[in-house]
Amino acid sequence: MPETPAIYPMLMAGGASSRLWPASDHRRPKWDLRLFGPQSLLQAAWERAKSVAEAGRGLVVAGQVHERPIRDSLPDLPQGNLLIEPALRDTAAAVAYAAGFVQARDPDAVLLVLPGDQVISPVARFAEIARTAARLAAERQALVTFGIVPRYPATGYGYVHRGEPVPLEGAAAPVFWVREFKEKPVLETAEAYVASGAYYWNAGIFAFPMRALLENFARQLPAHAELIRSLAAASSPEAWRETAASLYPGLKKTSIDFGIMEHAAKIAVVASDFEWDDIGSWGSIRAHLPADPSGNAAGPGVHLEALESRGNVVLAPHRRVALIGVENLGIVDDKEGLLVVDLRSDQLVKQIAQKAPEVKLFDIQAPTQDRGIDVLIAEPPAVTSETGFLLVLHGHGNARTQYKETMVRWAARYNLVCASPEYRGSGYDANPQTGKGTVEPYDFCHLQLLDALNAYRAARLKYPRADGRRAMVWGGSQGGMLAMLCAEFAPGTFALCVSASGAAYVRPERMPTLGPPTGEAGFAIRDTRRWVERVVCPVVLMHGTADETVPDAHTRELARALLEHGKDVAVRFVHGGDHFLRPHTTRPDVTEELADEPLRHARRQTADDFELGSSYDFKCPGGVVFRIDFSSGLARFSQKGGA
């Protein structure tokens with residue numbers, strides 16, 4: 001038997017599948033679904049990858065937001081083999097990213113490209129065909145695709161039209177040159193394809209010899225080829241990251257199919273007879289679940305009772321589900337929503353999923369120095385009287401961009417208008433849509449509180465149907481301190497306060513770099529520990545014990561003060577977590593663990609401070625009294641006493 005070349009399996013771990021809503025959404029990628037048991041689709045794909053190569057050669061390419069769940073799911077994936085994309089640029093860029101890794105190690109190897117969310121069995125047969133594809137790729141320097149022998153005339157798959165056979169000693173399956181790729185056909189055309197015996201389903205699995213792959217990239221997508229060469233030449237992990245950060249965002253966004261495969265001169269196909277499914281709809285899942293004699297299939301943990309019902313599929317973990325007199329329904333019960341669909345129309349599910357929260361950037365009239373404020377807003381698909389309002393306060397740095405995806409997720413999950421305003425001296429005052437901005441002096445000035453509160457008020461007025469009694473505030477780092485000050489200085493306004501990695505107080509030695517005001521009163525007015533007695537709403541606190549930016553002692557002292565005053569407080573200290581709680585968890589994940597119920601249902605009993613026209617005095621050392629006054633419809637500070 002001819003020798004098989006070195007194989008580097010690459011798993012593409014993409015995002016959500018709109019066709020599998022509500023189980024897969026902005027929060028949960030398709031590959032993380034556990035539809036058939038305790039193992040996720042990605043974990044099953046990883047086992048397939050290891051059937052053809054040792055774990056040390058396995059790669060996963062994914063976005064930043066999925067780094068932690070992938071590391072949790074694949075504990076034997078080497079640390080450096082998880083390639084985090086600096087930007088999302090589709091599958092051609094993902095393949096080039098992995099190719100740079102392989103090129104540096106073995107330019108004669110074969111890159112085996114595998115989607116991380118397919119169902120394939122048996123694994124042994126897949127491994128035999130994968131090795132055949134790798135040998136074919138290496139010996140003929142051809143780009144090789146896997147063609148699935150069709151079982152029926154599917155209209156949801158693309159097709160591969162085979163040409164002349166390719167002689168290959170010891171091949172585990174027939175191999176052919178490819179004549180052309182065909183788009184998803186109508187039923188009549190699909191029937192003709194299957195009847196001819198010359199067409200295969202396009203599985204989206206590829207075997208690429210490195211030399212031929214680089215040549216094709218150089219011809220079709222030269223910027224991608226430059227990325228491969230530059231990554232391969234990187235002299236250290238730091239140089240690798242710098243190269244990726246510099247070149248990756250500028251790549252053309254295109255798929256490997258359109259960008260490379262449809263233009264390549266030498267393409268071969270391996271006729272693959274293993275069981276394969278890309279799980280593209282709820283109807284397709286039915287075939288992989290145990291069913292009763294009437295074809296009613298149930299997912300893990302479902303107690304299903306069916307009377308005079310046929311051909312249904314139910315995924316409702318830990319639920320008792322009764323079906324009476326219904327046929328061909330898909331019933332999916334998930335905490336993100338309930339779906340009931342006629343499986344003949346399951347391709348329409350994506351139209352529901354695509355009604356995702358919109359993200360907008362508003363310039364609003366809220367006085368901050370001599371200019372207005374811009375507010376980034378993620379709104380749910382429909383704003384009603386049951387919609388709540390969440391003020392999201394960012395920390396030092398380009399954090400509104402970082403929280404953008406979280407805001408979209410919470411807008412959909414909790415039916416919230418999520419608004420994140422800028423405020424003076426916030427450090428990196430960046431446009432949250434472009435990520436670009438100007439560096440400003442870092443300033444813990446208490447006047448940022450006015451910016452935040454007035455931005456809240458102005459943004460709230462843009463959404464009169466959003467229920468003001470459900471307004472909440474969330475902040476991370478510097479924003480965590482401001483979130484607490486919002487709850488203390490405007491106690492009638494918010495129904496929940498979440499402070500993540502927050503600075504509860506400012507150390508005197510840091511004051512020269514943090515801006516005015518100075519002196520004892522300046523320290524006191526921004527010391528959240530000092531004003532905890534004024535808090536009315538529940539408070540959620542979190543901090544990493546290995547935080548080198550803001551010591552967790554800040555949050556411990558704040559929590560102690562809240563508890564001493566009998567306040568409703570939930571606290572979690574993440575052992576070994578950094579300023580963002582990594583690598584163990586994230587601020588949004590802990591927020592959802594600790595505050596899921598209030599984010600859904602929290603209510604205030606009174607109108608907010610703007611509507612009440614409230615005013616409060618804050619007595620500070622040195623005879624200084626700060627007053628915050630809402631009577632004009634804006635939050636304003638005045639000061640008397642002291643210097």
- request: Please report the C-alpha distance between His579 and Ser477 in whole Å, then the side-chain angles of each, then the deciding distance to 0.1 Å, and finally whether the side-chain hydrogen bond (donor to acceptor under 3.5 Å, both in side chains) criterion is met.
  value: CA-CA 8 Å; His579 191 54; Ser477 191; 2.8 Å; yes
- prompt: Yes or no on side-chain contact (heavy atoms from CB on, under 4.5 Å) for Phe206 and Leu143, after CA distance, side-chain angles and deciding distance?
  reply: CA-CA 7 Å; Phe206 307 100; Leu143 307 186; over 6 Å; no
task: Given side-chain contact (heavy atoms from CB on, under 4.5 Å), test Leu41 with Phe36 step by step and report yes or no.
output: CA-CA 9 Å; Leu41 296 178; Phe36 314 116; 4.2 Å; yes
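With respect to Asp76 and Lys50, a salt bridge is recorded, a charged nitrogen being found less than 4.0 Å from a carboxylate O. The pair Asp32-Arg68 does not count as a salt bridge, with every side-chain nitrogen at least 4.0 angstrom from each carboxylate oxygen.
Looking at residues two or more places apart in sequence or on another chain, you find a side chain to side chain contact (heavy atoms under 4.5 Å, CB included) between Pro78 and Asn81. By the salt bridge (charged side-chain N to carboxylate O under 4.0 Å, His left out) test, Arg89 is found to be paired with no residue, residues two or more places apart in sequence or in another chain being considered. For Arg572, the salt bridge (charged side-chain N to carboxylate O under 4.0 Å, His left out) partners two or more places apart in sequence, or in a different chain, are Glu593. A search for salt bridge (charged side-chain N to carboxylate O under 4.0 Å, His left out) contacts involving Glu180 returns Lys182, not counting sequence neighbours.
When all heavy atoms of Gly37 and Pro300 are compared, the pair lying nearest together is N-CG, 3.5 Å. Residue Val332 comes nearest to Pro22 through the heavy atom pair CG1-CD, 3.9 Å, listed as atom of the first residue, atom of the second, then distance. Considering all non-hydrogen atoms of both residues, Leu187 and Pro153 come closest at CD1-O, 3.8 Å. Smallest separation of non-hydrogen atoms from Tyr157 and Asp278: CE2-OD1, 3.4 Å. Glu592 and Arg409 make their closest contact through OE2-NH2, 2.6 Å (heavy atoms, listed as atom of the first residue, atom of the second, distance). Nearest heavy atoms, Ala45 versus Pro115: CB-O, 4.2 Å.
Between Tyr193 and Trp201, the distance from one ring center to the other does not fall under 6.0 angstrom.
The shortest distance between side-chain heavy atoms of His66 and Trp31 falls below 4.5 Å. At a threshold of 4.5 Å between non-hydrogen side-chain atoms, the residues Val550 and Ser501 do not count as touching. In this structure, the side chains of Gln118 and Ile205 come closer than 4.5 Å at one or more pairs of heavy atoms. Side chains of Leu82 and Val60 form a contact here, defined as non-hydrogen atoms less than 4.5 Å apart.
In terms of modelled atom types and a separation under 3.5 Å, the side chain of Ser73 and the main chain of Pro69 share a donor-acceptor contact. Side chain of His584 to backbone of His575: a donor-acceptor contact under 3.5 angstrom is found. Looking only at distances, no side-chain donor or acceptor of Ser246 sits under 3.5 Å from a matching main-chain atom of Glu242. With Arg162 contributing its side chain and Gly197 its backbone, the two residues share a donor-acceptor pair below 3.5 Å. Using a distance-only test at 3.5 Å, with no hydrogens or angles considered, no donor-acceptor pair links the side chain of Arg286 to the main chain of Gly330. Side-chain atoms of Arg57 come within 3.5 Å of backbone N or O of Ile7 as a donor-acceptor pair. Judged by distance alone, the side chain of Ser121 and the main-chain N or O of Glu275 form no donor-acceptor pair under 3.5 Å.
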Listing, residues 258-274 side-chain donor-acceptor contacts under 3.5 Å, not counting sequence neighbours, or none:
unit_1, atom_1, unit_2, atom_2, d
His263, NE2, Phe258, O, 3.1
Lys266, NZ, Arg140, O, 2.6
Ser272, OG, Val270, O, 3.1
Asp273, OD1, Arg125, NE, 2.8
Asp273, OD1, Arg125, NH2, 3.3
Asp273, OD2, Arg125, NH2, 3.3

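Counting only residues at least two apart or in different chains, ring-ring contact (aromatic ring centres under 6.0 Å, His included) contacts with residues 87-121 comprise Tyr97-Trp240, Tyr97-Tyr248.
The only member of Thr254, Leu227, Ile228, Ile256 that meets side-chain contact (heavy atoms from CB on, under 4.5 Å) when paired with Leu221 is Thr254.
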